[in-house]
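All remarks here apply to the structure that follows.
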Amino acid sequence: MKRYIPQQVEPKWQQKWREDKLYSPDLGNAKNPFFNLMMFPYPSAEGLHVGNMYAFTGTDIFGRFMRMQGLDVFEPIGLDGFGIHSENYAMKVNIHPFDLSKITEKRFLEQLNITGNSFDWTATVETYKPNYYKWTQWLFLKMYEKGLAYRKKASVNWCPSCLTVLADEQVIAGECERCGSKVEQKMLEQWFFRITDYADRLINNLKNLDWSEKVKIAQRNWIGKKQGINISYEVEGSDLKVACFTTRPDTNFGTTFIVIGPEHPDVYKLTKPQHINEVKEYIKLSTIASKEERIAEGRKKTGVFTGSYAINNLNGEKLPIWISDFVLGDFGTGAVVGVPGHDLRDFQFAKQFDLPIIRVVVGKDGDKTDITSESQVQEDEGVMINSDFLDGMDIHKATVKIMDYLEEKGWGKRVTTYHLRDWLISRQRYWGPPIPIIYCNKCGTVAVPEKDLPVELPFVEKFRPTGTGESPLASVEEFYKVKCPSCGGQARRETDVSDTFLDSAWYFIRYPSTDIENKAFDTQRSKKWLPVDMYIGGAEHSVLHLLYSRFVTMVLFDAGLIDFEEPFTKFRAHGLLIKEGAKMSKSKGNVVNPDQHIKEYGADTLRTYLMFLGPFDQGGDFRDSGINGIYKFLQRIWMLQEKLDGQNEKLGIKDLKFMHKTIKKVTEDISALKYNTAIAALMEWLNFLSKKQKLSKEEYQAFLLLLSPFAPHITEEIWEVLGENYSIHKHSWPQFVNEYLEDDEVSIVIQVNGKVRDSIKVQKDIVGSKEAIQKLATGTPNANKYLEGKSVKNVVYVEGRLINFVI
RNA sequence: GCUGGUGUGGAGGAAUGGUAUACUCGUUCGCCUUAAGAGCGAAUGUCCAAAAGACAUGUGGGUUCGAGUCCCACCACCAGCACCA
């Protein structure tokens, strides 16, 4: 018999599946819709990464499995081609993004095609095509209409290399997520989305979602809801008041100073004339310094004194007011109380500027001495001292007590704050959807009417960012010079484009409606297919993409445009694929290209190999040496055809047991995304089948069906050779029968003091009797050796498993 | 520092509190072949010539008849977040 040659067979089926629209459900009329979604890739010019293939294959296997459960599975794919990533690459290779997108698109679609995924090729999206971003712009207008998009001059993260602003989420440890440059602060007029209005809902809804717990935790942490109190301090010799946010008002008797951030609105009002020069100098320096630089200096605290004092109402103490850049302008009130005994940063600041330190909490170490070193700073549980009416209370009780007291006196007000900030949407770049807004001197800010969408991104030769804080589009007169849609007068178009994350925050809603041109999405289609039933993607999108998508979905729900407020019913994060113990990266030069492996072994082999590496949710370690084993595995399955004879061999009881045991195992493992053990179970069954002289068609077919989600081509090919109806991928999944899962004979382990000494095989009908088993067990020579002459104190019997003699 | 995760043979990894090391790779030996990086069979945690046995799931304790699994403390690595009051 000839060996299986994937290079000949795989393209044949890929083409046929596509021509037959095998994986395209009837989007309008499907009876059992199941939306199986993978995160769409951004098409880099290097082509599809094996990490992408890993993620896609894992998602596809689940989709194929569900399809064989009789569901109408919709598994679309698209390209997230807009954005800084693609644009930076275009600059690097000096090809215009328009041209580059055509090249990468072609390459990506070819690669995606040969991976053997069951994509619906009739419903794809490309975020950089006008027929898609038209609706991204429409979404912006919806936000604007609902008062959720607003423009504000703000201190924003500015990447001096990408020459654009970045959202907080795109700044990683003070560096640009894309290029790694140190991020600076800059004041610019920007568009924001009011995602903070949805903060509570974004937290509360989490508990009802079937998502990986770690992703939920990451989102909760990112939103960072905190209950605290704003305490208002009078400033000595002034009408001004300084409000400070704190979650630990219990320590308020330990306050010895106040610190405001350089961005605080009253900075200059609070500064006494004799300090003005120092303050100006400090503020200048702190806005230039990047966040990274501030941290880099060993967290050494810097600051200046304003000359003003606030009064602590609780005890009449004078609190010097300082300015320091460790206080963030946009969190809480932009001012903090300095409690150096019970906050490490405050301690460092107090040490730096020689400010007094008072202990007000005694921790479980019982230390009541003065706090003079960092290790003594007590931030945890404890009991109050030196705090007047709070003395002797634990900190939680004291917190409630003092909050009540401060509110009663009118000195403070309970508030909730969030770490989450409004979503900064504007980008001063070229490669994105232009924000559909027009500025008119007479009418002000005017939305582009829906009928005028899309605002097409013009082909601009000079697409590189300018560095002036304006988009390259700002120098294209034909683009920005427009008539006001409201009064018809001369007006100017917004020249910034929107953040890439907006493109990907709604693409899943577009997928079922890609053939509909006059709407962003069709209501009936959305009703049928959405929300997404299963979403699989990388954990690195835990906060960015997943949070934005949830926000957008909530907004559309509130606008009455869709009937669900959470986009992804079930989400699972896959693990990271590494290469021989190291992370794959271009700089290390160890990135695996799926093409060469597909060429050599075929997509089926690579798919199955990737899934065999380890648990899908934990990732795997790619080693070239292992792939050949999977290739041989598939070859052996092919060769099993030799063991078929025309007669249909009857299955013995052992055969049936093995078959049903495997069906059960594979079914359960795929449901739980434990692909590696599902494949191992198939290997064990193959080893069993290989030893047989003759094979029954029934078991061979069952084997192929179980394997088909992993290796769709070879199974389809054999299926055809066997003369079965096309296609195996539409065939129903094998069912296991419980009666074949039980054994007549059971092996019972004999332990003495918990150590295995022997085992016996007994008939199933006596396992219920401890006495019978004990008698049999005592009689075995090995057990007897240990039990002889000893008095047995206790006998533990676990039915059908083991018996343990305690001596 | 905070949050989450992981630690098991030479390697990737299995294991509802119940025979640790399934499955795969690698290595070694044998068979087959003109030959092969092809196929078939066998062995493979450590100590010991072997048997018997003892010891082995990052470290140290604990719970239990019995712990890779549960609890406590610690160590290492990975990922994410980080001067958030």
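To find a chain, count down the sequence lines: A is the first, B the second, and so on, and within it residues start at 1. Only a predicted model underlies this, so the values are computations on that prediction, with no experimental measurement involved.
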Quick check: does any side chain N or O of [X] sit under 3.5 Å from a backbone N or O of [Y], one acting as donor and the other as acceptor?
X       : Y       : result
D343(A) : G338(A) : no
S549(A) : L546(A) : no
E381(A) : I395(A) : no

Whole-Å distance between [N] [atom2] and [X] [atom1]?
X       : N      : atom1 : atom2 : value
I5(A)   : A38(B) : CD1   : C1'   : 14 Å
R636(A) : C23(B) : CZ    : P     : 11 Å
M584(A) : A79(B) : CE    : P     : 14 Å
H574(A) : G5(B)  : NE2   : P     : 19 Å
Y675(A) : C23(B) : OH    : P     : 23 Å
H541(A) : C81(B) : NE2   : P     : 12 Å
D617(A) : G5(B)  : CG    : P     : 12 Å
E799(A) : G66(B) : CD    : P     : 22 Å

Using both distances under 3.5 Å as the test, list the Watson-Crick or G-U wobble partner of [N], or none.
N      : result
A79(B) : U3(B)
A85(B) : none
C74(B) : G58(B)
G30(B) : C40(B)
A67(B) : none
U19(B) : none
A14(B) : none

ask   = Is R550(A) close enough and on-axis enough to W222(A), meaning under 6.0 Å and within 45°, for cation-pi?
value = no
Under 4.0 Å, counting only non-hydrogen atoms across every strand here, what does [X] touch: a base, just sugar-phosphate, or nothing?
X       : result
K793(A) : nothing
R220(A) : nothing
F688(A) : nothing
G224(A) : nothing

Ignoring the backbone of [X], work out which of [options] is nearest its side chain.
X       : options                : answer
R421(A) : A82(B), C84(B), A85(B) : C84(B)
K226(A) : A85(B), C23(B), C25(B) : A85(B)
K301(A) : C23(B), G4(B), C83(B)  : C83(B)
A680(A) : C23(B), C25(B), A85(B) : C23(B)

query = G60(B): syn or anti, with syn meaning chi within 90° of zero?
reply = anti
note = Hits for ring pair (Phe, Tyr, Trp, His ring centres under 6.0 Å) against Y54(A), two or more places apart or cross-chain, chain-then-number order -> F616(A)
inquiry  = With rounding to the nearest 0.5 angstrom, report the CG to CE distance, L706(A) to M659(A).
reply    = 9.5 Å
Distance between [atom1] atoms of [N] and [M] (Å, rounded):
N      : M      : atom1 : value
U44(B) : U34(B) : P     : 32 Å
G4(B)  : C48(B) : C1'   : 45 Å
C72(B) : G5(B)  : P     : 13 Å
C47(B) : A52(B) : C1'   : 13 Å
C70(B) : U6(B)  : P     : 10 Å
A20(B) : U46(B) : C1'   : 14 Å
C55(B) : A38(B) : P     : 42 Å
A36(B) : C31(B) : C1'   : 16 Å

query = Quick check, are the ring centers of H597(A) and F622(A) under 6.0 angstrom apart?
reply = yes
key: Under 3.5 Å side-chain donor-acceptor pair for R636(A) and N687(A)   = yes
Does [X] put a side-chain nitrogen or oxygen below 4.0 Å from OP1 or OP2 of [N]?
X       : N      : answer
K785(A) : G53(B) : yes
Y601(A) : G37(B) : no
N794(A) : G66(B) : no
R345(A) : G1(B)  : no
K755(A) : C55(B) : yes

message = More than 12 heavy atoms of other residues, nucleotides or ligands under 6.0 Å from NZ of K579(A): yes or no?
response = yes
key: Annotated protein contacts, base or backbone, on nucleotides 7-19 of chain B with a non-hydrogen cut-off under 4.0 Å, one of B, S, - each   = ----SBSS-B-BB
key: Candidates F192(A), Y548(A), F501(A) - the one meeting ring-ring contact (aromatic ring centres under 6.0 Å, His included) with W423(A)   = Y548(A)
